Structures are given as C-alpha cells and as structure tokens.
Amino acid sequence: MRLLPLCCLAVLATGSFSVEQKTARPEVIIAYRVLEVFPTSRRVLITCHSPQAAPPTTYSLWGSQDIEVAKKVVKSRDPASFSINVTLKSRPDLLTYTCQAATSTGTRVASTKLQMYWELWAKPVSQLQADFTLLDRGSGPRVEMSCQASSGSPPITYSLVGKDGHVHMQQRPRYGQPANFSFPLTETLHWFQCQATNDVSVQSSPLTLVPPGQLPKGPTFVLAASLTSIAAITSGMLGWTTWTRL
C-alpha cells in the first residue's frame, strides 16, 4: 500500500523537473543615445542587455554586413555599453546595428535591428501640408485641421497658430503621422495656419481664413489657402446666412 504514494511522488517530481527545464529564452534589448554631435559624425553610446541571461554574458555588437564592431564580457546582470563613432552613410542600412548575447551554457540570442539613420542626421522640415475642414457632427459646427510634413527629422512639433502668432494648440505625433486639431467655430473671422518645428527648422503653412457662423446643410466644406477659394467660401457662407433669415 505504501508503493502508490511513492509512485505519485515520483511522477510529481518528474513533472516538476520537466517544467523547470522549459525556461524562457532570454531576450536582448538594444538601445542608444547620442553623446556628442560633430559636423559629419556622432558619438553614440549603444547599450545591450539580456536580463534573463545568467552571468557571465558575452555581448557582441554587430554592424551591417555581419561585421563585429566590439565585444565585452559582463560578469553581472548589468548591461554592456559600447561607445562608437558613426558617420553619415549613403544608405540607411549602413547604420544598422544588432547585439548578440552569449552565455556560458552556449546559448546565443540576438536583438532586433537598431536603425539610427533618421534620428542622427537632422533634416529640416519641408513640404508641409495643412487641410482645414468645416463640418457639423451634431454637436455644433467645428473646424478640423490635419497637418503633416512629408520630410524632416523627428521629433516634429505641430502647432495651430493664429495670425497674431498666438499658439492655440500643439501636438507631437509619431513620426510619419499627421497632427489633428479640432476647435469650434466662433462668431468672428479668424486666420489660422499650421506650423511644424524640429531641431533644425520651422515651416508654416499659408494663412487660412476660417469663416464665422453656422455651416450650411450639405456636404463637408474644405478650406483652401488661396485667396480666391477663401473669398468664394466666405461669400457662400454669407449668402446662406442671408437666405436663412428671409
């Protein structure tokens, strides 16, 4: 009768042992920050870290075309740091780096690719596009503005600016995404423009006239920056207002 509990314990011990063997595969985290800025190069600190790896851990930094840039052995669970000098290349893929962590047990794990092209060489903001739209979704007439620069180094800050230079709203969306501003119509005429700013330059869209009052029933109105379109829209708005009073 005592054999049955012993068999159960043996099965439980075997099961627990198999669970312990299925440990999670360690991951490697790669990150960087700029230490110094020079006219044609940047001094960059790249860190590699595998929190799950049991020390000692050998970290290797690899550049493009499978070139080993540096190697360091860390005897603790701290990350490895590599200070390197990078220069502007003709192709973005030439500024791609990966980290590899190797443990004493023979486990080797590589990080995801780190791309540093756009962030290191600042480009001025250019080709700024701003679209103003008049619409009424039931909560009252509003103006929505979408603003985006097709080129420029991140981060790019977008601002809704009045004719007097006053900044009404600001956004810093993800790189490649537009900024979207929304505000209600007022009883007076207002001129607005979008302004995009990064560490290199500032660019502003043409001033756009936002007419006062309520919107006519019908399709959405899109405001253009040209004086001809502004005059036509304003005339239509005023004509609709006169017609509703008769």
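Remember, it's a predicted structure, so these values are computed and weren't measured experimentally.
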Please report the interatomic distance [atom1]([X]) to [atom2]([Y]), rounded to the nearest 0.5 Å.
X	Y	atom1	atom2	answer
Gln52	Arg77	CD	CZ	9.0 Å
Glu144	Asn180	CD	CG	7.5 Å
Tyr59	Thr47	OH	OG1	10.0 Å
Ile30	Cys48	CD1	SG	5.0 Å
Ile29	Thr112	CD1	OG1	9.5 Å
Lys163	Leu189	NZ	CG	10.5 Å

Taking the side chain as every heavy atom from C-beta outward, state whether [X] and [Y] have any atom pair closer than 4.5 Å.
X	Y	value
Phe181	His168	no
Trp62	Ile67	no
Val167	Leu160	no
Trp191	Thr208	no
Phe183	Met169	yes
Tyr32	Tyr97	no
Ser182	Arg142	yes
Pro55	Ser76	no

Exercise for review: I would like to know whether Lys71 and Thr58 meet side chain to side chain contact (heavy atoms under 4.5 Å, CB included); could you show each step before the answer?
Suggested key: CA-CA 7 Å; Lys71 181 183 289 187; Thr58 302; 3.7 Å; yes
Would you tabulate the side-chain donor-acceptor contacts of residues 200-207 under 3.5 Å, counting partners in other chains and residues two or more places apart, or write 'none'?
| unit_1 | atom_1 | unit_2 | atom_2 | d |
| --- | --- | --- | --- | --- |
| Ser201 | OG | Val125 | N | 2.9 |
| Gln203 | OE1 | Gln127 | N | 3.3 |
| Gln203 | OE1 | Leu128 | N | 3.1 |
| Ser204 | OG | Gln195 | NE2 | 3.4 |
| Ser205 | OG | Cys194 | N | 2.8 |
| Ser205 | OG | Cys194 | O | 3.4 |

Check your understanding: Hey, mind stepping through Tyr158 and Ile156 against side chain to side chain contact (heavy atoms under 4.5 Å, CB included) and telling me if it holds?
Key -> CA-CA 7 Å; Tyr158 296 92; Ile156 299 177; 3.6 Å; yes
Practice item. Check the pair Thr157 / Gln170 against side chain to side chain contact (heavy atoms under 4.5 Å, CB included), numbers first and verdict last. Key: CA-CA 7 Å; Thr157 301; Gln170 273 191 340; 4.1 Å; yes
Practice item. For the residue pair Phe192 and His190, categorise the inter-ring angle as parallel (less than 30°), tilted (30 to 60°) or perpendicular (more than 60°). Key: tilted
Practice item. Not counting sequence neighbours, which residues clear ring pair (Phe, Tyr, Trp, His ring centres under 6.0 Å) with Phe82? List them please. Key: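 Phe82 satisfies ring pair (Phe, Tyr, Trp, His ring centres under 6.0 Å) with no residue once adjacent residues are dropped.
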Exercise for review: Of all the heavy-atom pairs spanning Ala80 and Val74, show the shortest one and how long it is.
Suggested key: CB-CG2, 3.8 Å
I'd like to know if the side chain of [X] and the backbone of [Y] have a donor-acceptor N/O pair within less than 3.5 Å.
X	Y	result
Arg108	Ala102	no
Lys72	Ser81	yes
Gln148	Gly176	yes
Ser50	Glu27	yes

Practice item. Take Thr98 and Leu114 through the test side chain to side chain contact (heavy atoms under 4.5 Å, CB included) and record every step on the way to the result. Key: CA-CA 6 Å; Thr98 56; Leu114 174 67; over 6 Å; no
Practice item. Output all residues satisfying side chain to side chain contact (heavy atoms under 4.5 Å, CB included) with Ser83, sequence neighbours left out; order by chain, then residue number. Key: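 Counting only residues at least two positions away or on another chain, Ser83 forms a side chain to side chain contact (heavy atoms under 4.5 Å, CB included) with Leu35, Arg43, Leu45.
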